[in-house]
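I have placed the structure first, in the form of structure tokens, so that the comments after it can refer back to it.
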Amino acid sequence: METFWNIFDERTELCHKALKLRHERLEGTLSDVAPVLWQDGALARLKKGEKIYRYLHNGYSTISLGYAGLYECVKYMTGYSHTDQGEGTEFGLRVMQALNEKCRCWKETENTDYSLYGTPIESATYKFASCLKKRFGIIKGITDKNYITNSYHVHVTEEINPFVKLELESRFQALSPGGAISYIECADLTHNTDAVLSVIKFIYGNIMYAELNTKSNYCQVCGYDGEIKITDTDGRLEWECPACGNRDKTKMNVTRRTCGYIGTNFWNQGRTQEIKERFVHLDNHEYKCREEG
């Protein structure tokens, strides 16, 4: 464990240096680069040719320290998921608190507002996973997939009640003041508005920012508007209409939430695997269990 925290200090300082360099490059930026933002009042009313320097300090703006893969980190270090409510949860929260403490120290020293950002990493999830495999090899439950878990999220394959998931993630979301989002994956709830309202009310009372993920699909070949499936063909994932077998992406419409964003342009193999493996947190069965419990 001591080795972990030594590496933690070393790598966070590397991130700190990179963020400082980025910030210093911005200090000489003129308001002319974005008149609507800096001259017309969206962010400020500076004059033409005036530098945006003073708006980069004193808490007016933040520099985001992004992180991802908390699940993999906790799993490797403790052997448990951070949903464990014991050693796993405790270590996960400790890591998050340590990251926030780093941001606090940097802020006090430099009068620059650093803030922790729970990043969805979008398509970079595939690149990160590939780099981990190359460096450390295949570690079961850690590097044996083509993606790593977004920010503090529960791993997508973990079978967990939607309300339990949101309640747990609210504890980690509170430690991501620079930006965060949670979600639950849903079945077709078109005819179950009571379930939708139940979740929305729970979100309102328990977590700052969360969403319900649904699937929107259409096959232009046969008119099928159910779920377009992801199939594995010789190790490559392909989108396929279950009604007619169409695999031509130019003749189908598929919408999925990547994390904070709704995507329609398809994804790399890593993100596609992540989408394929998502556990559906909310369907009629889950809702009934919640009501009975």
Compute whether any side-chain donor of one residue and acceptor of the other, for [X] and [Y], lie under 3.5 angstrom apart.
X    : Y    : result
E185 : N213 : yes
Y80  : T89  : no
T83  : E158 : yes
Q39  : S31  : yes

Looking at H16 versus H23, is the centre-to-centre ring distance below 6.0 Å?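 No, the ring centres sit 6.0 Å or more apart.
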Taking the six-membered ring for Trp and the single ring otherwise, decide whether the centroids of Y76 and F136 are under 6.0 Å apart. no
Take atom [atom1] in [X]; do more than 12 heavy atoms of anything else shown fall under 6.0 Å from it?
X    : atom1 : result
K107 : NZ    : no
K249 : NZ    : yes
Y60  : OH    : yes
E159 : CD    : no
F8   : CZ    : yes
Y55  : OH    : yes

Do you know the tightest heavy-atom contact between R171 and Q85? NH1-OE1, 3.4 Å
Over all heavy atoms of both residues, which pair between K51 and L30 is shortest? Give the atoms and the distance, please. CG-CD2, 3.7 Å
Return yes if some donor-acceptor pair links the side-chain N/O of [X] with the main-chain N/O of [Y] below 3.5 Å, else return no.
X    : Y    : value
Q173 : M208 : yes
N246 : K251 : yes
R271 : T125 : no
D32  : G49  : yes

Is any side-chain heavy atom of C219 closer than 4.5 Å to a side-chain heavy atom of C244?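 Yes, their side chains come closer than 4.5 Å.
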Pair L189-T214, side chain to side chain contact (heavy atoms under 4.5 Å, CB included): steps then yes or no: CA-CA 8 Å; L189 300 175; T214 59; 6.0 Å; no
Within 45° of the six-membered ring axis of Y183 and under 6.0 Å from that ring's centre, is NZ or CZ of K165 located there?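 Verdict for Y183: a cation-pi partner in K165.
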Honestly curious: do Y117 and I63 fall in one hydrophobic cluster under the side-chain, below-4.5 Å linking rule? no
Could you see if V154 belongs to whatever hydrophobic cluster contains Y152? Use Ile, Leu, Val, Met, Phe, Trp, Tyr and a side-chain cutoff under 4.5 Å.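 Yes, one cluster joins them.
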Check against side chain to side chain contact (heavy atoms under 4.5 Å, CB included), R94 and E90: CA-CA 6 Å; R94 185 182 173 191; E90 181 182 338; 5.7 Å; no
